[in-house]
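A, B, ... follow the sequence lines: proteins, then strands. Residue 1 opens every chain.
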Protein chains: 2
Amino acid sequence: MSQVAVLSAARVPDGAGSETTATRCKSCAVRTTALCASMTDEDLTALSNVGRRRVIPAGQILSWAGDESNLCANVVHGALKVTSTMADGREQIVGLLFPGDFVGQLFEDEMSMTVTAVVETDLCCYSRRAFEGILDQFPRLERMLLKRTMASLNDARNRMLSLGRKSAQERVAGFILELYERSRAAGESQVSIPVSRGEMADYLGLTIETVSRQLTRLRAANIIAFVNGDRDCRILDSLELEQILDQS
Amino acid sequence: MSQVAVLSAARVPDGAGSETTATRCKSCAVRTTALCASMTDEDLTALSNVGRRRVIPAGQILSWAGDESNLCANVVHGALKVTSTMADGREQIVGLLFPGDFVGQLFEDEMSMTVTAVVETDLCCYSRRAFEGILDQFPRLERMLLKRTMASLNDARNRMLSLGRKSAQERVAGFILELYERSRAAGESQVSIPVSRGEMADYLGLTIETVSRQLTRLRAANIIAFVNGDRDCRILDSLELEQILDQS
DNA sequence: GCCCACGCTTGACCCAAGTCAATGAGGCCA
DNA sequence: TGGCCTCATTGACTTGGGTCAAGCGTGGGC
């Protein structure tokens, strides 16, 4: 999953950007999962010289659709949402970005989507122009970006199937399963839902009420169970969840 | 708009592939609109040596989701649909490809979507492996592919907004407008709808009946008018069409 | 020229999901 | 400790678009 967007306001965390060598990059949490994975330790200097760490508080908008596109970034920690909005306020979340994902609209002067932090998020930011320059110098970096963009396109297409053809129950079950895969890959036993019910609705093309009712239904059927409020849940019957998805 | 897929059966048109130089490429209908636009006439030999023309009859499937990914192609003439299908037959068209567009799943061993010709279509096909090799040699080609993939991702995201948040009327009006822009750009005075009502429905996440009713409504409101059957129409009031789209 | 098939339209009815509204459960500040 | 404020849930009702079932028109085969 790699993306396209840009950032405006943010505060700089203590000392970030002050180290001039690539030592900071080498120990970075996303050294092997972000685009940086395509670079050797030596080449990383090219990136570390222009990259600047920023912490974005939850709810803050990094950039509006229509803004000038002058920054791009790797997500280091947290989560971002990429949204498309209509004049009357209807909103669709067209992408969720997690650590290791890339955000920014390259080769374009204008941002086409709005990017917002859904929780407090650490970014490693680059000037868009500078990043494009680095891309020219490192074919392996460009290749990795190409592969990721293709993977994002694939994701987007799968979400089109969901939005165009699946029932509310199937969409909610699918979303829970996506999160389940993500947390299992991270070795966590519990699924933490990183977004509010409203954001889930905006992601799935539903209303808050419908999302809530479907979750209640899954809970009543003993397929999932919430622990400590409504943001963390345990999967009691992942087979049943999968069954809701691909054979109804 | 660039894509991801592979092809299987097809018949070879008279003499295609028999010229060994790039002369054929130079006079190709999509020389300046397909990925080839990134290549100089001299460099084109690299592509023309491995490219093979094929004509795909309307309705023929080029490759199924799950097939081995061993071919890719430029669309020269006609139109393709990229679809995602569920076990029970529900289908979503996740992309329409026109002359100049690229189709194929690079860097992947398996096709993730089904690709079908919606009308008789001419392709310029490459072995996937060979094309990947050419990509390695021509950074400008790779860059153009990257830009197109990013543009496709943007399109896909706009379609997510449509599928997730727009009413039937807005979706149909939006589709007609897309076609209108395309035909205006081609200098045509009439809009020809390249797909059946059923395919329109699969593209818009609606049913045939709903699409038909919405078209009837646009016709009754004197916004569009059909000429010679139901595949060609004239736009009588494009302002009203746009108004249906972005301010309701 | 006739018939059948296929794609499109139209009508009548239904239901999944949206809307509107009330209630509940934390969390935060005074 | 109490009063908000925000977010989630639940209920009652409405509705846009789906479903089912006729018609209709055009084009191809015989």
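For the pair A:R182 and A:F98, the distance from NZ or CZ to the six-membered ring centre is under 6.0 Å and the angle to the ring normal is within 45 degrees.
Residues from residues 210-228 of chain A placing a heavy atom under 4.0 Å of any atom in DNA chain C, listed by number, are A:T210, A:R213.
A distance of 4.5 Å separates CD1 in A:I176 from CE in A:M200, rounded to the nearest 0.5 Å. Distance check: B:R159 CZ to B:L204 CG gives 7.0 Å after rounding to the nearest 0.5 Å. In this structure, the separation between CG on B:L35 and SG on B:C124 is 10.5 Å, given to the nearest 0.5 Å.
Taking atom CE on B:M200 and atom C1' on C:dC8, their separation rounds to 12 Å, with Å as the unit. With rounding to whole Å, B:L204 atom CG is found 16 Å from D:dG16 atom C1'. To the nearest angstrom, P of C:dA17 lies 14 Å from NZ of A:K166. Rounded to an integer number of Å, the gap from B:I193 CD1 to C:dC8 C1' is 12 Å. Here the P atom of nucleotide D:dG18 and the CG atom of B:D202 are 12 Å apart, to the nearest Å. Rounded to an integer number of Å, the gap from A:I208 CD1 to C:dC20 C1' is 13 Å. Across the protein-nucleic acid pair, A:Q169 atom CD and C:dC15 atom P stand 17 Å apart, rounded to whole Å. Atom CZ of A:R197 is separated from atom P of D:dC7 by 12 Å (rounded to the nearest Å).
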Using distance only, find each side-chain donor-acceptor pair of residues 222-231 of chain A under 3.5 Å and give its atom names and separation, not counting sequence neighbours.
{"from": "A:R231", "atom 1": "NE", "to": "A:V195", "atom 2": "O", "distance (Å)": "3.4"}

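Within the structure, salt bridge (charged side-chain N to carboxylate O under 4.0 Å, His left out) contacts touching residues 206-222 of chain B (residues at least two apart or in different chains) do not occur.
For A:R184, the salt bridge (Lys or Arg N to Asp or Glu O under 4.0 Å) partners at least two apart in sequence or on another chain are A:E181. In this view, B:Q190 and B:R234 satisfy the side chain to side chain donor-acceptor pair (under 3.5 Å) rule, not counting sequence neighbours. For A:E199, the salt bridge (Lys or Arg N to Asp or Glu O under 4.0 Å) partners at least two apart in sequence or on another chain are A:K81. In terms of the salt bridge (Lys or Arg N to Asp or Glu O under 4.0 Å) criterion, residue partners of B:R165 (sequence neighbours excluded) are, by chain and number, A:D202. For the salt bridge (Lys or Arg N to Asp or Glu O under 4.0 Å) test, no residue two or more places apart in sequence or in another chain qualifies with A:E110. Residues passing the side chain to side chain donor-acceptor pair (under 3.5 Å) test with A:S183, sequence neighbours excluded: none.
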Can you check nucleotides 23-28 of chain D for protein contacts, nitrogen or oxygen pairs under 3.5 Å, and list what you find?
none

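Not one N or O on the side chain of B:S84 forms a donor-acceptor pair closer than 3.5 Å with the backbone of B:M113. A side-chain donor-acceptor contact under 3.5 Å links A:E170 to the backbone of A:S167.
Summary for the helix from C:dG1-D:dC30 to C:dA30-D:dT1: the axes at its two ends, each from 5 pairs, differ by 30° when rounded to the nearest 10 degrees.
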Each nucleotide in nucleotides 21-27 of chain C should get exactly one letter: B, S or -. Can you fill that in based on protein heavy atoms under 4.0 Å?
-------
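Between B:T207 and D:dG18, a side-chain N or O to OP1/OP2 separation shorter than 4.0 Å is present.
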